[in-house]
Amino acid sequence: MRTAEEFRAVQHGGPHLLHVASCSDSDLRWVDPPPSDPAVSRRVVVHVDADCFYAQVEELRDQRLADTAVCVTQKYLVVTANYHARARGVAKLMSINDAKRLCPDAAFIAGEDLTPYRAVARRVRDVLSRFGPCEKLGLDESFIDVSDEVDRRIAAGGPGADPADVPGHKLDVNSEMAAANKHRPMDLKVASGTAVDTETHTDHTANTVDTLRVRIGSVLAQEARNAVFHELGVRCSAGVGVNKLCAKLTSGAHKPNDQTWVAPIDVDGLVRNLPVRALPGIGRVVDAELETKGVRVCYDARQKKRIAFVEWFGKRVGEAIHDNVWGIDRSEVVEKKPPAQITCQDSFRACSNHGAISKALRVLAPDLMRRIDEEALENSRLPKTLVLKFRLSGDSNANENETLRKSKWSITSATVDMPPEALAVRLGIEGRAAAVEAAAFDSLAKKLPKIYNLTLLALGAGSFFGNQTHAKMLEHCVDNNVLTTDANNPKQLLNATAQRRDYDSYRHSSVPSKHEERLAFEQSRGAVAACETGTASMGNWTTRTTHGQHEGSDSDEDGAAFFANIAEIRTDSRHSSGPHFKTRDYSKKRSKPISAFFAKKQKQ
């Protein structure tokens, strides 16, 4: 016989409104759970995350940094710090000034040129792909679908089919997870003592076939981590689960250089009390919208109907969010193709005249040329189009075209044909960059209103086509690895780089690119690095490197688009440490027309 509350739920579709806030587990049967995921009984996913990746790469490129506090910086923030620096209080996204007060003897390394990080990331993915399909999530993160290898080991029988010792740690319903960084609520750490140490774990309680598969996946995760370390010298953490969501949520639980797994039976308990902001793909905007609906943690979201999420966010996003709050992720691990576009971008406080635009383009264009060359060598392809993107500040006069500034976050784009000179190796980096600068400048002049102030500018390349000849020519090109002739003095170039961030005091005729900034920095400290010699010695392997700067793409490598926008973070005076760490202001000094250099090259 039904109770009164059960009868009410059958008639009206759920528990009484006064009981919803204290809804018990048994009441959840009246809520609207998502359809089950049939692949969950077979799929095993590993998420691999390289620990403090940028700092590790710098340590590998310069052995003198071993056992030293290392902070990699972009603009006025520390974007990565190794664990020697973190032990002294330095945190990700801390201001450089604050980091220097906490750790004055740390090595502070400019990391806006992502070239060496991309080179190492490719090698890491090459190793991981031996264990199954590997999907790049960022420069330092990858998913591996190890389901086929798990099948093979179970079919083969023996110890590998039912491992007695499972490496790492096991999360269960009693595990407490919390954000490791206030700026990064999706980076979760487990509270001390709330996970089971499973290095010698032999408890087979509830060891269903699904759990057994995840246990084997944890063994594979350790093998993958060991392979990356022994072959490349890169230390990684990992998470293992029945889908990408579980693997991602658990990979950082016991950082650094460790791993965590969660059994299918414990997924519900792991997810239900997490803030929705911790779920992958939930950003500030969606989180704020959900909060207006009374949703702060996943348990709150489980009280909402699936159709409500579809109405709020559309079918694809709405259903994905509803799945995730129940611990379900239907997305497959897919090996990504080369990006449709490659982009070099930068953000700054002000860029409100043509001379300032010229300087901004001079920073970006040479690095885009090197990035195009990198694509030619890696994937034997060249671009047909030049892509231009920009963002106007709210005070720009866009009355002529109001759509240019719907909000301060809106980005306008334009596409033009890639100048033939940009792909002419004989002109060298400078000559090719000048052609791109001229084309981009002309396009911008047509798009911008009479009064404007840019806060972001991006140069990109797209519509790629296969080309073997260009790659062969680049193999014999030597000027890809040297500074321009007017910036051979590293100390002088670094001084120019410092002033480039504050044009109030800019006194240099040249505007160094981010690649040149890295070269000058490394020469000034005597580092034997990849961008000087063309090879990077890392442990027992070497790799040829090409050069460029890539701060944003369709794949958003390592949150690069986020870091390109960190100038938008509201800061107080503590975040400034003199001209070197101020964001760029391209408005203070006018320069010669952008096409002057290229015209000179053509006459020659």
Side-chain angles (χ1 to χ4, degrees), residues 340-369 371-372 382-424 427 430-464 503 511 513 551-554 561 564-565 584-602:
Q341 291 183 5
I342 56 174
T343 309
C344 298
Q345 68 183 32
D346 200 6
S347 57
F348 26 76
R349 292 176 300 171
C351 186
S352 58
N353 58 66
H354 287 3
I357 289 178
S358 297
K359 287 184 169 56
L361 290 173
R362 288 182 194 175
V363 172
L364 298 174
D367 290 334
L368 179 63
M369 293 301 95
R371 186 69 179 92
I372 289 174
L382 290 175
K384 293 181 180 178
T385 58
L386 174 65
V387 182
L388 187 66
K389 298 180 182 180
F390 62 91
R391 182 178 65 213
L392 293 170
S393 68
D395 57 353
S396 297
N397 178 15
N399 293 329
E400 301 173 12
N401 188 354
E402 190 64 23
T403 60
L404 283 178
R405 61 176 189 94
K406 292 180 180 179
S407 76
K408 72 173 186 176
W409 297 107
S410 63
I411 293 178
T412 304
S413 62
T415 302
V416 298
D417 291 338
M418 181 67 70
E421 296 84 358
L423 306 179
L427 292 178
E430 282 189 279
R432 296 163 59 199
V436 167
E437 293 167 23
F441 186 86
D442 291 343
S443 179
L444 266 176
K446 295 174 183 178
K447 282 277 186 181
L448 291 173
K450 292 181 179 179
I451 301 175
Y452 60 84
N453 181 31
L454 298 181
T455 57
L456 179 142
L457 185 60
L459 286 180
S463 301
F464 284 89
Y503 274 81
V511 184
S513 68
E551 287 200 342
S553 73
D554 289 350
N565 286 315
R584 298 179 184 87
D585 185 345
Y586 288 105
S587 299
K588 303 302 182 183
K589 181 176 174 63
R590 297 180 181 271
S591 65
K592 297 179 181 179
I594 193 68
S595 58
F597 179 84
F598 182 65
K600 181 179 178 181
K601 279 280 185 183
Q602 288 290 76

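Computed from heavy atoms alone, side chains included, the values below leave out hydrogens, waters and symmetry copies.
- Of all heavy-atom pairs spanning A439 and P419, the tightest one is CB-CG, 3.6 Å.
- Proximity of a side-chain donor or acceptor of N453 to a complementary backbone N or O of C351 within less than 3.5 Å is detected.
- Proximity of D442 to V416: side-chain heavy atoms (C-beta onward) are nowhere separated by under 4.5 Å.
- Residues L459 and L388 meet the side-chain proximity criterion, which asks for heavy atoms closer than 4.5 Å.
- No side-chain heavy atom of L457 sits under 4.5 Å from any side-chain heavy atom of V363.
- The minimum heavy-atom distance between S413 and K389, with the atom names listed, is CB-CG, 3.8 Å.
- The structure places CG of L392 at 5.5 Å from CG of L454, a figure rounded to the nearest 0.5 Å.
- Contact of the V436 side chain with the L361 side chain is not registered, since no non-hydrogen atoms from C-beta on lie closer than 4.5 Å.
- Looking at I357 and Y452, their side chains come closer than 4.5 Å, going by heavy atoms from C-beta outward.
- Contact of the L382 side chain with the M418 side chain is not registered, since no non-hydrogen atoms from C-beta on lie closer than 4.5 Å.
- With rounding to the nearest 0.5 angstrom, the CG atom of L456 is 10.5 Å from the OG1 atom of T412.
- Residues Q341 and G462 share a closest heavy-atom pair of CG-CA, 4.2 Å.
- Under the 4.5 Å side-chain criterion, counting only non-hydrogen atoms from C-beta, S463 is not in contact with T415.
- Here the closest non-hydrogen pair linking A422 and A435 is N-CB, 4.2 Å.
- Distance CZ/R432 to CG/L368: 9.0 Å, rounded to 0.5 Å.
- Atom-to-atom distance recorded for R362:CZ and L364:CG is 12.5 Å, nearest 0.5 angstrom.
- Residue L444 holds its CG atom at 9.0 Å from NE2 of H354, rounded to the nearest 0.5 Å.
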